[in-house]
Amino acid sequence: MLRWYQSKLAARPILTQALTTAVLFATGDTMAQQLVERRGARAHDLTRTARMAAYGGCVFGPSATLWYGVLERSIRIPSRPNVEILARVAADQCVFASTNLFVFLSTMAVLEGGDPRKKLESTYVEALKKNWMVWPVVQFTNFKFVPLEHRVLVVNVVSLGWNCYLSYLNSMPSGAHIENATYPPDV
């Protein structure tokens with residue numbers, strides 16, 4: 001199975017990463033609805049899961065694949081490999097992560113018929129702080145040990161928990177994070 005995946009990745013990297021990301025974003029949302037929110041199968045919001053899958057497949061998967069290529073080509077410090085990795089992590093967190101979180105929350109608000117400004121005001125800063133608690137270590141490890149073609153897959157696997165959190169955060173009414181400041185929520 002790994003050989004098959006690698007051949008698809010080599011032949012069509014953007015499409016393969018997009019499809020993989022769509023499945024894993026949908027899985028993260030399903031985990032949020034079933035394990036965190038305990039909705040049960042009958043109350044599962046399939047539209048919400050579809051929105052997450054669409055965002056993962058159409059936005060995050062392709063953009064992350066291209067972004068990791070840009071980082072690999074643009075940030076080169078051959079004489080200092082750990083400094084190079086730290087520079088990539090800093091660029092990833094300051095540019096890509098902050099932008100992607102902004103786009104994610106805005107897109108979800110629009111797709112849900114809500115106000116993107118309200119969604120950003122109520123959740124962006126808190127989510128970005130949580131992002132910076134998790135992702136720099138993940139990305140340092142990813143950039144140091146994982147080949148370029150597998151980095152999005154590693155992020156997607158770790159993202160199962162992260163997307164569960166994002167889906168839960170996004171599903172909260174605006175301002176609800178102020179009353180319940182425990183993130184991720186106690187299960």
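Of the candidates Leu128, Val110, Asn100, Leu120, Leu105 forms a side-chain contact (heavy atoms from CB on, under 4.5 Å) with just one, namely Leu120.
The number of heavy-atom neighbours closer than 6.0 Å to OH of Tyr124, taken from other residues, nucleotides and ligands shown, is above 12. Dense packing is recorded around CZ of Arg39, with more than 12 heavy atoms of other residues, nucleotides or ligands lying under 6.0 Å away.
Under the side-chain contact (heavy atoms from CB on, under 4.5 Å) criterion, Thr20 pairs with Tyr5, Thr16, Leu24, Leu153, Asn156, sequence neighbours left out. Under the side-chain contact (heavy atoms from CB on, under 4.5 Å) criterion, Pro136 pairs with Val89, Gln93, not counting sequence neighbours.
To the nearest 0.5 Å, atoms CG (Asn170) and CE (Met52) are separated by 7.5 Å.
With respect to Glu126 and Lys130, a salt bridge is recorded, a charged nitrogen being found less than 4.0 Å from a carboxylate O. A salt bridge links Arg88 with Glu72: the distance from a Lys NZ or Arg NE/NH1/NH2 to an Asp or Glu carboxylate oxygen falls below 4.0 Å.
No donor-acceptor contact under 3.5 angstrom links the side chains of Asn131 and Trp162, judged on distance only. Side-chain contact, Tyr68 with Gln139: a donor N or O sits under 3.5 Å from an acceptor N or O.
For the pair Arg51 and Met108, the tightest heavy-atom approach, listed with the atom from each and the gap, is O-CE, 3.5 Å.
Counting only heavy atoms from C-beta outward, the side chains of Lys144 and Asn82 approach each other to under 4.5 Å.
Using a 4.5 Å cut-off between side-chain heavy atoms of Ile, Leu, Val, Met, Phe, Trp and Tyr, Val83 falls into a hydrophobic cluster with Ile77.
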